[in-house]
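Below: the structure, in structure tokens.
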Amino acid sequence: MRRDPLIALRPWEAPELTSWGRLPMNAVDRRDGALSLDGSWHFQLVPAPGAGSGEWTRIEVPGAWTLQDVGDLPQYTNFRMPWGEFPPASPTANPTGVYERSVDIPAEWAGRRIVLQVGAAESVLLVHVNGHPVGISKDSHLAAEFDLSDVVRPGGTATLRLTVIKWSDASHIEDQDQWWHAGITRSVLLYATDPLHLADVTVRARRDGRLRVDCQVRNASGALPLGWYVTGALEGQLLAQDAEFDRFNAEDMRVSDFLGEARLRATVRDLRPWTAETPELYELTVRLHRADGSVADSSHHRVGFRDVEIRGRDLLINGERVFIRGVNRHDFHPLTGRTVTADDMRADLVVMKRFGFNAIRTAHYPNDPTLLDLADELGFYVVDEANIESHDHAHEIADDPRYLAAFVDRVSRMVLRDKNHPSVVIWSLGNESDYGANHDAAAGRLRRHDPTRPLQYEGAAKLDWSDETVASDIVCPMYAPIEDCVAHALSGKQTKPLIQCEYSHAMGNSNGTLADHWAAIESTPGLQGGFIWEFWDHGILQRVNDGRPAGRAGVGLYDNGVTAPGHRWAYGGDFGETIHDGAFIADGVVFPDRTPKPAMYEHREIAAPVRLTYDQGVLLVHNRQHFRTLEWLAAEWRLVRPDGRTESAPAELPDVLPGESAAVPVPFPLPNPREAEAWLTLRVTTAGDEAWAPRGTEVCLPQVRLGGTETTAAPAPVAGPPAEVDEEGLLVHPMLASPPVLSLWRAPTDNDEIGGMAARWRDWGLDALVRKVVGVERDGARVTVRAEYETGAGNVRHEQVITPVAGGLWIEESAELPDALDDVARVGSVFETVGGLDVLDWYGQGPWESYPDRSAGAPVGHHSLPVDELFTPYLRPQESGGRHGVRRFTLSAPDATGLAVELGAPSQASVTRHRAEDLAAAAHHDELVPRPGCVVHLDAAHRGLGTASCGPDTSAQYLIQPGTHRWAWTLRVL
Ligand code: IPT
């Protein structure tokens with residue numbers, strides 16, 4: 001066999017070699033008239049680059065081969081490399097995919113320049129056409145283009161061979177926290193241009209209407225012909241408004257023999273500027289003409305007129321200090337991995353918009369290019385991040401001259417591709433790669449090429465938040481405690497905006513203290529927001545029987561976050577990997593099928609465009625937006641009273657400018673202050689169709705308390721037989737399958753496990769408390785039961801006083817925690833009901849799951865849900881389904897029988913089909929067997945969730961103190 005010169009170069013172990021034969025990246029739109037080469041290709045997987053021929057099969061392009069059953073499966077590692085070789089080496093066992101197909105080259109392409117575009121290949125791409133070596137490319141998240149004009153014949157058939165090598169020197173700088181895949185993951189195109197063509201177009205559009213379009217013109221055959229010129233048309237109404245385009249032709253400008261440059265200028269009047277709230281776009285068509293006026297080439301762009309600048313320590317969009325309510329987004333799909341369609345991406349952005357996000361960080365590489373088109377259109381501020389993460393070997397690589405070209409190449413090609421998107425407001429040099437000379441080199445190239453946007457890099461900023469010399473215009477820490485951010489802003493040393501690039505780690509049941517973050521951000525000049533880590537739980541749909549990824553055949557096999565029988569959401573280790581990082585891949589605010597987790601409702605309310613306050617009889621409506629009035633919203637008032645009545649009244653939103661407030665009359669007669677509590681909710685919806693929500697979509701539910709008192713007085717004892725308790729002092733009750741006992745434990749959340757709390761709880765024995773009855777006393781109808789629970793940190797005394805009251809029992813409890821028991825999960829009662837009680841009706845916060853440090857998004861109201869829907873199916877089973885501020889509830893069967901509980905004070909409560917130990921013992925949901933009855937927890941205190949799986953634990957105010965805790969509740973039969 002002839003030696004393949006591309007293989008002979010051993011490009012997988014040559015970091016200096018970033019590409020060969022690849023065309024420069026550009027922002028010219030080439031989708032018109034292109035030939036799609038997506039679909040089924042011939043494929044073989046060989047064990048190493050250049051290894052002898054394997055067996056041909058077929059594969060779908062685009063699509064990672066790791067999800068297409070060809071014998072190489074996904075593997076998840078966070079930052080450790082999946083193998084031990086030191087950079088730039090890679091393992092000798094190196095799966096290599098050879099893709100082949102033939103293409104009929106259209107006869108009408110004769111005389112044209114023919115270009116192959118491979119959207120993304122992971123991690124090294126070698127291109128051969130008709131047996132000729134054509135090119136090499138690296139960077140798994142940017143397209144590579146190759147000029148095929150000399151190797152294909154229009155009217156003939158060409159054979160394309162794309163060889164993709166999985167592991168390489170480049171893998172060391174693509175060490176992001178995600179699944180390792182391999183293959184061609186974005187579309188492949190073939191297109192033709194005139195030899196005289198637009199090589200690049202750079203659009204700069206300011207909010208004052210100034211538009212500048214810089215065009216680069218080339219001619220494939222070398223020298224540019226005389227007389228070419230460029231025109232531009234800004235379509236729609238604005239073109240009529242005296243937009244003046246300069247026309248250049250080849251004679252009056254700087255033309256070298258191969259490169260022409262033309263600049264178009266216009267000033268657009270009466271302009272609607274672009275912001276994330278008002279994503280106004282204008283169609284621009286740039287045309288390259290030959291001397292005779294005929295069009296040789298054209299490119300379409302959607303232009304948003306906006307300014308981004310940093311002034312002092314504020315990041316300004318169109319002069320306004322906007323809050324960055326961001327989320328980190330990976331290209332992800334549970335069936336197709338990193339291959340995502342325009343519909344998938346639109347659906348992602350629609351969910352983000354509906355839940356109040358206005359910003360995206362493309363963690364940790366340039367996302368699919370369509371994402372930015374959609375961000376322009378739907379309105380997001382984007383931090384566009386280069387594909388550089390050398391996490392495991394960060395320190396060595398940051399200064400390694402062998403990787404210099406790769407750093408500059410990756411950053412500059414991202415900027416060349418994405419510079420015309422109004423949504424992109426900040427560039428990022430990459431993630432978690434230490435800080436070295438290679439970063440400064442890339443930053444230098446970037447600043448010169450695009451002086452219009454700030455750049456950020458966490459690895460540089462973290463060295464000293466005040467240092468203006470490092471390559472980061474923004475202080476963009478990860479998981480910084482709220483106090484540190486506030487202290488920096490108050491220190492007098494802040495020189496740059498502080499916007500966390502990652503915060504509020506969303507792993508499992510998490511995002512505790514999000515509202516506290518935002519209270520600090522909104523009240524501290526210098527703090528401007530952050531990006532939640534992250535959007536996706538990256539669970540891959542997996543068949544349980546053979547452990548294979550379901551792949552494209554899995555369509556429809558999941559719903560509402562839950563997988564069909566026989567399937568599960570796979571995380572690290574589920575594909576038999578020995579080196580993996582488990583469920584750390586499941587740390588998003590949406591499930592793998594994009595179902596929002598409860599934390600999303602918390603975010604929605606925190607980010608709400610409308611907020612209410614009520615103070616001393618004055619009801620204020622606040623417009624929390626930066627650029628819009630409330631005109632696009634409709635609303636309705638609701639008055640919630642504990643007696644079960646909810647009244648509604650139409651609401652007229654006041655005409656209030658962004659950032660301002662207006663007083664409105666209280667729409668209902670005020671409750672007597674001695675009356676029970678009353679809550680006023682404003683249900684805000686879209687007044688018309690938005691690009692991301694049809695008319696009537698709920699936007700937020702701000703709520704204020706109008707007054708009244710919350711405590712339930714102890715019910716009066718009644719004469720009657722005393723409660724029945726057994727010889728152990730345990731309550732015997734017709735509706736209970738197991739009696740109320742003390743609970744100090746919850747099924748550890750990911751935060752509890754990784755933060756080390758769960759280990760302490762296990763050491764103390766809280767997961768398997770042993771109860772010892774100490775005494776049972778009867779005093780008339782009242783029974784007092786004293787018990788002791790032994791823990792590794794001392795004994796806990798527990799008392800229950802059970803008194804018959806009208807229709808049921810009044811149970812007053814107390815628990816005395818020794819000082820050493822200084823951080824438990826909960827203090828409360830747990831009992832189990834008989835089977836058949838399927839619906840929970842409650843008065844309290846809801847309807848979404850909420851916890852003490854994550855309860856801003858769940859308004860007080862009368863809520864009702866089937867018990868099975870109360871539980872949140874976090875990928876790794878854990879504490880779930882809690883409701884905060886519960887005052888009372890009924891649990892009923894279809895025939896309306898059941899039980900009613902009234903709590904002495906608003907409490908954390910949960911009703912599920914799973915005991916804490918069932919949840920703690922399971923690794924996936926398919927292992928859980930729901931119990932026939934309900935497991936009910938009533939908590940006098942419940943520990944906050946925090947974010948300790950990566951970042952700060954909850955704050956002290958949400959921890960449970962030792963000492964005496966008291967709670968009381970009534971139990972009645974319906
Ligand atoms: C940080 C990473 O940037 C991100 O990719 C993800 O791994 C996240 O943590 C945790 O899920 S890096 C971490 C060492 C702070």
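Note that the structure is a prediction, hence the values are computed from the model and not measured. Residue indices begin at 1 and follow the sequence shown.
- Taking the six-membered ring where the residue is Trp, the centroids of His330 and Trp536 are separated by 6.0 Å or more.
- Both tests hold for Arg325 against Trp518: distance to the six-membered ring centre under 6.0 Å, angle to the ring axis within 45°.
- Checking Thr513 against Asp853 by side-chain atom types alone, no donor-acceptor pair falls below 3.5 Å.
- In this structure, a donor-acceptor pair under 3.5 Å is present between the side chains of His622 and Ser661.
- Thr370 and Asp368 share a donor-acceptor pair across their side chains, judged by distance under 3.5 Å alone.
- One N or O on the side chain of Trp569 and one on the backbone of Gly561 form a donor-acceptor pair closer than 3.5 Å.
- A salt bridge is defined here as a Lys NZ or Arg NE, NH1 or NH2 lying under 4.0 Å from an Asp or Glu carboxylate O, and Arg641 with Glu677 fails to meet this definition.
- In this structure, a donor-acceptor pair under 3.5 Å is absent between the side chains of Ser949 and Asp750.
- Here the shortest heavy-atom pairing between Leu875 and Pro592 reads CD1-CD, 3.8 Å.
- Of the N and O atoms on the side chains of Asn509 and Arg854, at least one donor lies less than 3.5 Å from an acceptor on the other residue.
- The distance from atom OH of Tyr479 to atom OG1 of Thr947, rounded to the nearest 0.5 Å, is 9.0 Å.
- Counting only heavy atoms from C-beta outward, the side chains of Trp842 and Arg883 approach each other to under 4.5 Å.
- Between the side chains of His884 and Gln908, at least one donor N or O sits under 3.5 Å from an acceptor N or O.
- Under the side chain to side chain contact (heavy atoms under 4.5 Å, CB included) criterion, Pro667 pairs with Leu619, Trp637, Leu680, not counting sequence neighbours.
- Side chain of Glu849 to main chain of Gly881: a donor-acceptor pair is present (N/O by atom type, distance under 3.5 Å, no hydrogens or angles).
- A centroid separation of 6.0 Å or more is found between the aromatic rings of Tyr958 and His942.
- Across every non-hydrogen atom of Met600 and Val589, the tightest pair is CG-O, 3.2 Å.
- Between atom CG of residue Asn358 and atom CD of residue Gln625 there is a gap of 11.0 Å, rounded to the nearest 0.5 Å.
- Other residues, nucleotides and ligands contribute over 12 non-hydrogen atoms within 6.0 Å of the CD atom of Gln957.
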Step-by-step side-chain contact (heavy atoms from CB on, under 4.5 Å) determination, Ser907 to Val886: CA-CA 5 Å; Ser907 306; Val886 176; 5.5 Å; no
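- One distance of note links CD1 of Ile317 with OG1 of Thr275; it measures 9.0 Å at 0.5 Å rounding.
- Atom CG of Asn560 and atom OG1 of Thr595 lie 5.0 Å apart (nearest 0.5 Å).
- For Lys597 and Tyr874, the positive end is not near the middle of the six-membered ring at less than 6.0 Å and at most 45° from its axis.
- In this structure the side chain of Leu630 never reaches within 4.5 angstrom of the side chain of Asp655, judged on heavy atoms.
- Annotation: Tyr282 is in aromatic contact with Phe305 [ring centroid separation under 6.0 Å].
- Going from atom CH2 of Trp692 over to atom CG of Leu349 covers 12.0 Å, rounded to the nearest 0.5 Å.
- In the model, Asn751 has no side-chain atom that pairs as donor or acceptor with a side-chain atom of Thr749 under 3.5 Å.
- Remark: Glu652 CD is loosely packed, at most 12 non-hydrogen atoms of other residues, nucleotides or ligands lying under 6.0 Å away.
- For an aromatic pair to be called close, the ring centres must be under 6.0 Å apart, and His862 with Tyr843 satisfies this.
- Remark: Phe871 engages His914, His925 in a ring-ring contact (aromatic ring centres under 6.0 Å, His included) (not counting sequence neighbours).
- Remark: Arg272 fails to qualify as a cation-pi partner of Trp274 under the 6.0 Å distance and 45° angle criteria applied to the six-membered ring.
- For Thr681, the side chain to side chain contact (heavy atoms under 4.5 Å, CB included) test picks out Arg638, Val640, Leu701, Gln703, with sequence neighbours left out.
- A distance-only check finds no donor-acceptor pair linking the side chain of Thr362 to the backbone of Asp384 [under 3.5 Å].
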